[in-house]
Structure formats: structure tokens, C-alpha cells
Amino acid sequence: MLTDEERKERIAKRAAEELADGMVVNLGVGIPTLVANYVAGKKVYLQSENGILGVGPYPKAGEEDKDLINAGRKHVTIVPGASFFDSAQSFGQIRGGHIDCTIIGGLQVSETGDLANWLVPGKDVLGVGGAMDLVVGAPKVIIATQHTTREGEAKIVPTCTLPLTAKQAVDMIITEYAVFRFHGGRLILEEITSDFSLADLRSVTTARYEISPELKVRVV
Amino acid sequence: MLTDEERKERIAKRAAEELADGMVVNLGVGIPTLVANYVAGKKVYLQSENGILGVGPYPKAGEEDKDLINAGRKHVTIVPGASFFDSAQSFGQIRGGHIDCTIIGGLQVSETGDLANWLVPGKDVLGVGGAMDLVVGAPKVIIATQHTTREGEAKIVPTCTLPLTAKQAVDMIITEYAVFRFHGGRLILEEITSDFSLADLRSVTTARYEISPELKVRVV
Amino acid sequence: MAAIKSAAEAIAGIASGSRIMFGGFGRVGSPETLIAALAEHPADNLTVICNDLGSHNEGLGVLLLQNKIKKAIGSFFTPNPDAAKYYREGKLEIELIPQGNFAEAIRAAGAGLGGFLTPVGVGTELAKGRDVIHFQGREYILQPPLHADYALIRAKVADTLGNLVYSKSGRNFNPIMATAAKCCIAEVDEIVEAGELSPEEIITPFLYVDILVKRGSNDAD
Amino acid sequence: MAAIKSAAEAIAGIASGSRIMFGGFGRVGSPETLIAALAEHPADNLTVICNDLGSHNEGLGVLLLQNKIKKAIGSFFTPNPDAAKYYREGKLEIELIPQGNFAEAIRAAGAGLGGFLTPVGVGTELAKGRDVIHFQGREYILQPPLHADYALIRAKVADTLGNLVYSKSGRNFNPIMATAAKCCIAEVDEIVEAGELSPEEIITPFLYVDILVKRGSNDAD
């Protein structure tokens, strides 16, 4: 049984492989934030929707700049060539498709690419943040999420039962066991980890999906 | 008979009296440009729609900055506290009502405050510039114009026959002979120059207008 | 041109029932001196337009606990647990807007637009009550502009005319809110003479700014 | 991240029939080196999106005299007498948009909006063929966004990533056009290392800029 930490690390590492030199990426809170730990050696630029292009590593304790936080409200630094702008400009970058990729968490992804990730069941509707904007705007939307809920329920489902963030917006799903991509509106399994069988995967995935003829097994 | 220069000077001088300390004003090309000559002693700030707030006087010959022109394509200077911005921001200031006043020329003004000032009859429709934006956006729209065309035709008319710049947008008309204001959609004559009779004025003004009970005579 | 006042003087005219924008993303760029002055001011029944409501008893959270906020319009009220509590108890109305639509609606108000077509939120619960328009082959929400009576914002340096520059991620909603209210009050660290800020670096031209307040002028800091 | 090229290399991919934005207001902020390169390039049948068409045989006026421009979309073509001549002779189509609506439509394209409601132009000839919408008690034109294949812009200094700053009134349409085209080519006086421009003063963040060209790199100046 994988620990929570191990699951998150696997997902973040795999998601980082999707990022290439020169890409501009917005990372959501939670697992997506960890992706930044695995892009060393690649010139990937992080945008933060509160108005930063070129977010750098977290500062050392005691070196925080009180005016410099990311959208997750954590103190950050900036890299050379970074810039600041207001929220309308920031979301102009996002909605206008100028951020190459967003990696974001998910509560449910449907087999048609619908995403639900903002409204936790039973909680009050008090925050949506920039999730809807990011998912609609980014040319490439990667959902980085654990494969099931803590209770073991499927998150990759036929139809989202939770309130939607956006319709048909997801390009890719990365979990601790599998990588799925949407091609022409169909959900395709492209990778599975070596510690998980196809039958295992089917048992925790209620969505219909096809298996790529070039299915890769990722040795873990 | 007044010379063209005298008419223009009269109009510009009178228009300048409408400007008070702290006002931000956009001056159209032609007569409105001359208004700047008569605001000495008042802290009036000029906006130019090509992206300047705080336009200063024309530079001396030989001291022109090639990157610094106003919307009339003339080289200008800037005053302390001036700023530069892009055209979308500039027209955000204009359309959003943040420029206190625009003084602009007119081909025709109707008795309901419609303005026609962009399409000269018989010429091709090749330029509108920022006139429509300015007239719709500015809280106070002053039309500074000679009372009649060169051919002696009325410019203050019952209905504009030329293509409109905007409907019901004019607040005030200043000519070399008269000052009119729109109050509740009605055109009111408020001032007349001492060298012109009410009968003279009526003969060159085809619009219906009322005469203010407090009509002023401006000694010229 | 801006007038320089103390925080208390600056907000003295704010009446109960006003619609007030507050800049800031969390604490960064939040006009804390002005919020502290509002906490001492009797106005209540306020509609606040703000990305978030601060945290428990911090930032706008202070005014919330004083029951001064009737309604909050913004995108992310989750970080303040009191928001959920007050909402559940029927003491706080919430209008939630996706953050980018929210920012754009503020800008649209300042720029004199009647609204804009956004693809964000289409097909979601947040489209409820909105006009949905098909235009040029795609479905959009027609988002109206967000206007306010007051914008309480935070900048770093002002000049005496009211031109503003900001600090790092403290820019966020401040420059757009400055444009969208009848009266803009800016809390700043420093006020310099007109001409000391470079014309190229001014982010908010002075025509948007009505009142300048030096940060800490109410001993709020 | 931007690639640094000569003017001729930068524009080599521009095909006949392309939609191209050109920054500038008169000569100020006009990408003259890139225009000179286009004059040597075979692409024609172009739709140009630009405030004006320069003057006789100057700026875009050069491309007009070469019969390369099929259509011009903008606000003020009066200063170039050739524009009227070509228009009358049926050699040039003109789409005239009020300057503020024009600027906002370019911004809207860059910001992923489907259009916006503007009060400007309502009741005029320029409302013909536009959708008119009544919303919240007022009449508006629904102005669609203006997209392009290329934006040819002019800035003062770039860094090696492609961040840009402008010079004085040379900003005009350049920063918004940078956001609205599939490929943005920026002509600049100087290219410095990333990190040399202040993060507070960068007007166009690098993610909008594809190619940098040093001004005069075609001996155009």
C-alpha cells in the first residue's frame, strides 16, 4: 500500500515529464505545486494568477518578502525575467490561451473530459478562485490527482455528479497508477504502472476508456 | 467681418473659461487645440488618446522627441506627473468617464444634442479616430466650432443631415458669437457676443433654441 | 488630483449600505490601514467586492465579525472560516464569480463597457442567473460590469497628483479597482512630488485616484 | 521564449492572405524595419489591422503602393491620401472602427473574450452590420474581438526572454497587439539579458512574444 506522500510524489514526477523547455505553466494548489520539484534542468516558467510570471523557489526561512506570494498564498521568490501585473492582465494571459499548460487537481473527471474540482460535497459554496478560468483558457489541461477518493471511490467517472468546473476541458489525467489522454473526445489509457494490473485499474475507474495499442508500462 | 483667426481665438478663449483647476481634458484637433493657449494659471491636465496623460506645451524647434506626439500627430512635451499607457487603457479612461471634459470640433449639432463631426460630405469614409469614443465617454462634451460653414450654412440645426458621431451627447456649444447649453434635452442660448444681435444669431441658426432668462452679453 | 487625508477622514463619508471594493489577494495588497479605520466607523450593511474576505479576524475578516458586511462579491472566500459560518447562519450573502471574470468585470466597469462575453463558467452552476449568448459559433456568459461607490486600494508609492506604483504581487486587483468606483481611496507607504515617478512606470494614472492616505496614519500597522 | 532573428528571417513565414496587425500611431511606435522587410517579401493580399496606413509612401503606405494590402481594419486612414485613392478605385477594402472600440477589440482577442458591449458607435453608420444589444437599460454594440495571424510591433528594449518595454507615446497599440496574434514579432532598439529589466516596469511579459528583431537589421533605418 502506497503512502499518501508516495502517491503524490509519483503523480508530480510524471506530470513534470509533460513539461518542456520554454513552457509557461500554471500549477494549482496541492499535488500540482509539487511538480515544480521535478523540473530541474528544464527552463519552465511558472505563472501565478495573482500576477506573477516567473515564480521561483520558496524563499529560505527569514528571507520572505511580504509582498511576494503565489496564488496558494505561500511566499515565493522570482526568477530573472519575471514580471508583475494586475489580475485582469493575469487572467487575460490565462483566458487568452497564453499559458501553455495548467496542472490542476480534480475531484471528478468524466469520460467526456468534464471536470469537477471546486465544490467539495457537503461544504458551502464559498470559493471558486481561478480554477474555471485556468481550465477553460489553457491549451493543455492536466489533471493531477490520486486515482480514487480517500474512501476508495472512483474519481474518473462516466458523468460528474459534483458541480462542474468546465465541460470537455481536460486533455490528460495523471494518477499514481495511470495516465489517460483525451483524443477526439474519447478517453484513452496510455500508461499504467508496473505495480497495478489492468484489472485493478478497471476496478477503481468507473469511466469507460479505451486502452491505447501503444500502452506503456511504467516501472515503479 | 471677423478673420478666421479672430473667430478661432474667440472660441478657444471662451472654451478655456470652462476649464477649472484639476480638470483632465482631451482637446480635439483644430480649434480645440488652441484652448491650451488660454489655460495659463489653471492646473488643467491634458490627455491625448494615443496614450499620454499630462501633455505639455509644444517643444522648441530642434528639441522634439521623436517618440512623443499627441493624437494630432504633433510633437509635444510632458508635464511633471505625466504618464504613458497603451491605447486600450487610454480609451478605458475616455469611455469610462474619467476624462472630465472633451472639447471637440463639430460639423453639425442638432437641437437634441446629436453631433456630426467625422464625415465631411462628399469625402470618402476613411477616418473616425477617437471622436465617437470621446463624445460618448466624457461627462462634459463641449463643441467648439465656427457658427456657420465657410459657405454660411447653419451648423446648429434641427436635425443632423451628416452621419452622426453620437446621439444626444453634446453638453455645450461654443461659437464665435454664442454659447449654448443643453438642459434636459432642450437647447438654451446662454451667451451672445456684443457685436451680434439676437436677430443675427437667429438668421444663422436653424435649430430651435430657447433664450436663457439670464442671457449674458459678452463684450468683444 | 488627489487630496491627502488621514485614514479616518478619508473614509468619513462612507455611508451604511455602500458598495465598496477592497484590493488585495490575501494580505498582500490589502489596504489594512483603511480597513482598520472602517472598523472604527459606524457604516454597516456594506456590500464588499473583494477577491477574498481575509482570514479569521484579519483583513476584511474584522469587518465581517463586526456584522458590517451584508454581501460579499468575489471569488475565494474559503480561507476565512467565519465566511462559511456567517453564510450558513444567513448573516452573509455571497456572490461567487470565477476569479478572471471577476477581475475583468471590474476592469469593464472602469472602462465604460456594458459587459463582455466570457467562455469561463459556461455549463456550470455559476452560469445560473446569467445571460448566455451564442456568438460567432461559441457559447458565452454575458458578464455585466462590477461598479462600486468606493474603491479602497493599496499601493506602494504615490505622487502628490495621485499617480500610483505598486509592489510585486501587491498589484493584483488594486489597479483595476482604482478605475471602477466613484471614489478611489489609496493607502500608500510613501508620497513623493509629482514628477518623481517615471512616466513609464506609473501603473495607475492620477485621474483615477481621489484620496491618498499614508499607511499607518491610524496606527493600524 | 523569443527567438532573435533578422527582419527578413522573422517575416519569411508570412504567407499571402495573412491577417497582420501593425503597431504604431502615425510613425511613432511603428515597426519600420519589419515593414521594410515586408516590402521585399512576396506576400500580398494582406488584411492589415492598424490604426492608420501611415502617409504617402511611408510606413504602411509603402505596402499599399505595392498593392499588397487587400483590406485595412482600423480607425484613421485619412492621413494617407493614397488610401482614399485606392479605396475609390476599388483596390482597397476599408473597415472603420472607432479607435477605442478598435483598441478594446484587439485586447479582447488577446484576453480570450468573445466580445464586449460598447456604447460607442450606437446610432451611427458604424453600427451597421453589428449586433445591437439592450442590456441593463442601455443600448450597446456587441463588438467582436479582432484576432490576427501576426502582430508586427515596435518596442524600445527587450530582454532575451522577450519581455518588452516601450518608449513614451510609442506604446499605443503595440502592447495589446502583442497579445492578439498567433505570432508576435517585436522590433526593438536593444536586447538585454533576462533580469536586467525591472519586473515592475515590464509592459509586455515574454509569453506574448515569439520573435525579436533588432531595429535596422535590414538597413531600414
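Heavy atoms only: backbone and side chains are in, while hydrogens, waters and symmetry mates are out.
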Notebook entry, point to check: Which region of D:Y87, side chain (C-beta onward) or backbone (N, CA, C, O), has a non-hydrogen atom less than 4.5 Å from a non-hydrogen atom of chain B, or is it both or neither?
Noted result: side chain
Margin query: So does B:G105 get a backbone contact from the side chain of B:N117, meaning a donor-acceptor N/O pair under 3.5 Å?
Written below: yes
Note to self: B:I104 and side chain to side chain contact (heavy atoms under 4.5 Å, CB included): which single residue from B:V170, B:I142, B:V135 fits?
What the structure shows: B:V135
Note to self: Could you check whether any side-chain N or O of B:T205 sits under 3.5 Å from a backbone N or O of B:L201, counting only pairs where one atom can act as donor and the other as acceptor?
What the structure shows: yes
Notebook entry, point to check: For chain B, which of D:N101, D:I203, D:I97 has the most heavy-atom pairs under 4.5 Å?
Noted result: D:N101
Note to self: Tell me whether D:T124 contacts the main-chain N or O of B:L164 through its side chain, where contact means a donor paired with an acceptor under 3.5 Å.
What the structure shows: no
Check: chain D: which of B:S87, B:G92, B:S83 shares the most heavy-atom pairs with it under 4.5 Å?
Finding: B:S87
Check: Thinking salt bridges, do D:R171 and B:D67 make one under a 4.0 Å N-O criterion?
Finding: no
Next item on the list: Inspect the contact between B:E6 and B:R10 and indicate whether a charged nitrogen and a carboxylate oxygen are less than 4.0 angstrom apart.
Entry: no
Next item on the list: Under 4.5 Å, counting heavy-atom pairs only, tell me which of D:A105, D:A72, D:P79, D:A83 racks up the most with chain B.
Entry: D:P79
Check: Could B:E18 and B:R181 be called an ion pair, given the rule that one side-chain N must be under 4.0 Å from one carboxylate O?
Finding: yes
Checklist line | Residue among D:K70, D:R19, D:K71 satisfying salt bridge (Lys or Arg N to Asp or Glu O under 4.0 Å) with D:E95 | finding: D:K71
Notebook entry, point to check: Who among B:A71, B:G51, B:A166, B:A131 has the most heavy-atom pairs with chain D under 4.5 Å?
Noted result: B:A71
Check: Is it the backbone or the side chain of B:L68 that comes under 4.5 Å from a heavy atom of chain D, or both, or neither?
Finding: both
Next item on the list: Please determine, among B:Q89, B:R95, B:E49, B:K167, the option with the most heavy-atom pairs under 4.5 Å with chain D.
Entry: B:R95
Check: When only pairs under 4.5 Å are counted, which of D:V120, D:N51, D:I176 shares the most heavy-atom pairs with chain B?
Finding: D:V120
Next item on the list: Considering only heavy atoms and a distance below 4.5 Å, find which of B:G130, B:G129, B:P163, B:A88 pairs most often with chain D.
Entry: B:G129
Checklist line | Heavy-atom proximity to chain B below 4.5 Å, by part of D:N174 | finding: neither
Next item on the list: Over 60° means perpendicular and under 30° means parallel, so classify the ring planes of D:F173 and D:F25, tilted if in between.
Entry: parallel
Check: Checking B:S48 against chain D: side chain, backbone, both or neither under 4.5 Å from a heavy atom?
Finding: neither
Checklist line | Heavy-atom contact with chain B under 4.5 Å, split by part of D:I106 | finding: neither
Next item on the list: Output the option from B:D65, B:D86, B:V136 having the highest count of non-hydrogen pairs under 4.5 Å with chain D.
Entry: B:D86
Next item on the list: Below 4.5 Å from any heavy atom of chain D, which atoms of B:L119 appear? Answer side chain, backbone, both or neither.
Entry: side chain
